[in-house]
Amino acid sequence: MVIVGAGFGGIAAVKVLARVPVEVTIVDQHNFHTFSPLLYQVATAGLASEDIAPNVRGIVQGDLNVEARMATVHGVDFEGHEVLVDRGVSIPYDYLILAAGAVSSDFNVPGVAEHAIPLKTLADATRLRSTVLRRFEETNTDPSLIDGGALTFVVAGGGPTGVELCGALAELFTRVLAKDFKNLDVGRAQVSLVERTGRLLGDFSPASQAEAKLELELRGVEVRLGVPIASVGPDKVELADGTVIPTRTTVWTAGVKANPLAGVLGLAQTERGEIMVNADLTVRGHPDVFVIGDLAAVQRPGARPDPQLAPVAMQAGRHVARSIERRTRGKPAKPFHYIDKGIMATIGRRSAVAELPLGIRFGGTLGWLSWLGLHLVFLIGFRNRVVVLVNWAWNYVKWDRGNRVILSDPD
Ligand SMILES: Cc1cc2nc3c(=O)[nH]c(=O)nc-3n(C[C@H](O)[C@H](O)[C@H](O)COP(=O)(O)OP(=O)(O)OC[C@H]3O[C@@H](n4cnc5c(N)ncnc54)[C@H](O)[C@@H]3O)c2cc1C
């Protein structure tokens with residue numbers, strides 16, 4: 001078995017296959033798994049990168065039938081049953097699970113690729129953290145830069161990532177950096193959230209959407225709804241209604257597309273690039289190839305596509321692993337059905353919205369506590385859980401963000 005991608009889907013699959021008498025290779029371009037729901041906390045200095053990125057070899061260390069490889073996959077020889085990688089020999093397979101996820105998409109908005117920072121990878125998060133902190137250092141040296149937008153931070157996209165990032169940035173500025181920069185008027189720092197549609201958190205109920213907007217505004221975030229970004233420049237963002245926001249920092253959380261690997265495999269794709277798969281997550285014409293998570297689009301006539309969420313990838317990973325186990329015993333694979341257990345987004349300290357099936361909804365402190373608990377449970381590795389819990393407790397009690405480290409070079 002070969003699994004491409006040690007993300008949510010790949011790791012879920014490997015953990016089931018570790019209990020099956022088969023040989024498994026899991027290959028990823030990085031030597032770590034990225035817990036993306038907490039990327040925004042790395043970007044806002046609440047957590048260190050290592051806290052949310054367990055090492056892949058460490059994850060499978062005790063699984064004797066699993067080998068981890070660090071390599072970038074650039075193709076698949078379906079005839080020869082081999083995965084083509086950028087370093088070392090190709091990896092032969094009997095069954096292949098493609099779980100390479102998604103990448104940030106600029107939706108062809110001019111200037112996004114050149115001037116905006118995405119929030120999709122660990123490198124993006126540390127780059128954003130360094131950029132934010134550097135803006136404060138620069139304006140501390142030369143406060144006249146504030147007029148040119150040096151302390152204005154525009155976040156594109158009002159989905160969970162944009163909302164969570166804006167809330168965390170606002171709290172970082174008012175509660176932490178205001179104390180760090182004693183001679184700077186930190187009150188002039190502004191977070192602006194720009195969302196193309198008329199509402200935040202599009203997949204949530206109107207009550208949660210309204211709560212998120214109110215909570216962000218209470219934290220000083222400027223929420224602009226119903227207006228798309230027309231272009232992004234090095235020192236400004238232009239909106240479609242002609243508004244110009246002077247800023248030197250734009251964060252792009254407005255959308256993703258399938259990993260470009262999908263495009264080189266010669267398989268049928270959707271408009272957004274996902275690989276079309278059968279109900280059992282196999283690829284048409286390739287019964288030994290499965291695609292899961294953000295890379296896959298299950299073709300079910302008349303049904304809504306599965307959302308691009310970690311639980312979907314994890315459930316699909318476990319499902320295909322069990323299917324492979326069944327197939328090795330001569331039994332057919334079963335269709336995959338995503339079981340929706342709810343959605344959540346946090347806005348800031350003691351504020352989150354959570355929606356469960358059957359219309360159950362809660363927000364405020366209860367929503368926030370459930371958000372904290374759930375993310376702690378899903379984080380991989382006992383050490384990471386302890387470190388994150390200690391960090392959260394410290395940050396809560398002390399209003400601190402202990403990872404205010406500038407690492408990357410200026411853009
Ligand atoms: C900032 C952010 C916040 C999010 N928050 C939430 C949330 O709160 N709740 C939620 O449910 N979902 C959230 N998501 C979505 C969730 O992260 C994805 O739906 C989920 O990661 C999809 O899992 P996956 O296994 O398909 O891909 P991923 O988890 O992205 O894993 C893909 C893996 O493939 C590897 N890879 C990619 N290309 C190659 C290649 N060519 N060769 C080798 N390896 C490769 C990558 O390095 C990566 O490790 C968030 C996403 C982002 C970006």
Side-chain angles (χ1 to χ4, degrees), residues 2-14 25-44 52-54 56 59 68-76 83-87 91 97-105 117-125 128 155 157 159-165 168 201 203 251-265 274-275 281 291-297 306-318 320 338 340-346 352-354 371 374-375 378-380:
V2 175
I3 302 171
V4 176
F8 283 96
I11 294 293
V14 90
T25 301
I26 183 161
V27 50
D28 198 288
Q29 59 195 352
H30 300 124
N31 75 337
F32 54 83
H33 162 85
T34 305
F35 190 79
S36 28
L38 293 181
L39 278 175
Y40 83 93
Q41 295 204 6
V42 173
T44 52
I52 67 157
V56 178
I59 295 171
R69 265 190 67 179
M70 185 176 134
T72 300
V73 172
H74 58 75
V76 176
V83 175
L84 311 176
V85 287
D86 67 337
R87 65 188 84 165
I91 312 169
I97 302 174
L98 294 170
V103 295
S104 180
S105 168
I117 303 176
L119 188 56
K120 185 73 186 89
T121 66
L122 205 54
D124 294 337
L128 177 55
V155 175
T161 302
V163 166
E164 290 174 347
L165 179 65
L201 301 178
D203 292 332
V251 190
W252 190 259
T253 73
V256 293
K257 62 181 180 194
N259 190 301
L261 178 63
V264 302
L265 299 178
E274 295 111 353
I275 298 172
L281 305 180
V291 189
I292 59 173
D294 287 0
L295 194 65
D306 291 333
Q308 290 189 312
L309 291 172
V312 177
M314 291 161 76
Q315 288 180 27
R318 288 192 282 268
V320 296
Y338 167 55
D340 182 2
K341 294 181 181 161
I343 46 178
M344 288 181 160
T346 179
V353 287
W371 185 94
L374 201 84
H375 283 75
F378 280 114
L379 200 60
I380 294 176

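Remember, predicted model here, so these are calculated numbers, not experimental data. Numbering of ligands and ligand atoms starts at 1, following listing order.
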Give the residue and atom name of whichever protein heavy atom lies nearest to atom 1 (C) of ligand 1, and the separation in Å to one decimal. Leu119 O, 3.3 Å
Could you give the distance from OG1 (Thr44) to CG (Leu38), rounded to the nearest 0.5 Å? 10.0 Å
Measure the CG-OH distance between Asp306 and Tyr338 for me, rounded to the nearest 0.5 Å. 8.0 Å
Which of the numbered atoms in ligand 1 are under 4.0 angstrom from any heavy atom belonging to Phe8? 17 (O), 20 (C), 21 (O), 23 (O), 25 (O), 29 (O)
Of all the atoms in ligand 1, which lie at a distance below 4.0 Å from a heavy atom belonging to Pro311? 11 (O)
Please could you name the atoms of ligand 1 that His30 approaches to less than 4.0 Å, counting only its heavy atoms? 47 (O)
Structural part of Asp28 in contact with ligand 1, heavy atom criterion under 4.0 angstrom: both
CD1 (Ile275) and CD1 (Ile292) are apart, to the nearest 0.5 Å, by 11.5 Å
Where Val85 and Arg69 come nearest, the two heavy atoms and their spacing: CG2-NH2, 3.7 Å
Identify the heavy atoms of Ala6 and Ile11 that sit nearest to each other, and give their distance. O-CG1, 3.5 Å
Top protein contact for atom 27 (O) of ligand 1, by heavy-atom distance: Gly101 CA, 3.4 Å
Asp294 versus ligand 1: do any nitrogen or oxygen atoms come within less than 3.5 Å of each other? yes
May I ask you to decide if the ring planes of His33 and Phe8 are parallel, tilted or perpendicular, using 30° and 60° as cut-offs? perpendicular
What is the minimum heavy-atom distance between Ala43 and Leu119, and which atoms define it? CB-CD1, 4.3 Å
How close do Val2 and Val27 get, counting heavy atoms only, and between which atoms? CG1-CG1, 4.2 Å
Atoms in ligand 1 with a heavy atom of Gln308 nearer than 4.0 Å: 15 (C), 19 (O)
Smallest heavy-atom separation, Gly157 atom then Thr253 atom, equals O-OG1, 3.4 Å
For atom 6 (C) of ligand 1, state which one of Pro260, Pro37, Ala296 supplies the nearest heavy atom. Pro37
So is Leu39 polar-close to ligand 1, meaning N/O to N/O under 3.5 Å? no
Find the distance between CG (Leu122) and CD1 (Ile52) and round it off to the nearest 0.5 Å. 5.5 Å
Give a yes/no on ligand 1: does Thr34 have at least one heavy atom closer than 4.0 angstrom to it? no
Could you pull out the closest heavy-atom pair between Gly159 and Leu201, with the gap in Å? C-CD2, 3.8 Å
Determine, considering heavy atoms only, which of Gly7, Gly10, Ser36, Ala102 sits nearest to atom 17 (O) of ligand 1. Ser36
Ligand 1 atoms nearer than 4.0 angstrom to some heavy atom of Gly293 are 26 (O)
Heavy-atom nearest neighbour in the protein, as seen from atom 42 (N) of ligand 1, with distance rounded to 0.1 Å: Val73 N, 2.9 Å
closest protein heavy atom to atom 23 (O) of ligand 1 is Ala313 CB, 3.4 Å
Can you list the atoms of ligand 1 that are under 4.0 Å from a heavy atom of Thr161? 1 (C), 2 (C), 3 (C)
For Gly9, atoms of ligand 1 separated by under 4.0 Å from a heavy atom: 25 (O)
min-distance protein heavy atom vs atom 38 (N) of ligand 1 -> Asn259 ND2, 2.8 Å
Just verifying a value: how many Å separate Glu164 CD and Met344 CE, rounded to the nearest 0.5 Å? 10.5 Å
Could you check whether any heavy atom of Pro160 sits closer than 4.0 Å to an atom of ligand 1, since that is the contact criterion I want to use? no
Does ligand 1 have any atom sitting under 4.0 Å from a heavy atom of Ala71? yes
Look at atom 34 (O) of ligand 1 and say which protein heavy atom is nearest, naming residue and atom and giving the distance to 0.1 Å. Gly5 CA, 3.3 Å
Reported NE2-to-OG1 distance for the pair His30 and Thr72, which is rounded to 0.5 angstrom: 7.5 Å
Which is it for Ala310 and ligand 1 at heavy atoms under 4.0 Å: side chain, backbone, both or neither? both
What atoms in ligand 1 come closer than 4.0 Å to a heavy atom of Thr72? 41 (N), 42 (N)
Are any side-chain N or O atoms of Glu274 and backbone N or O atoms of Ala258, one a donor and one an acceptor, separated by less than 3.5 Å? no
Nearest protein heavy atom with distance in Å, relative to atom 44 (N) of ligand 1: Gln29 N, 3.1 Å
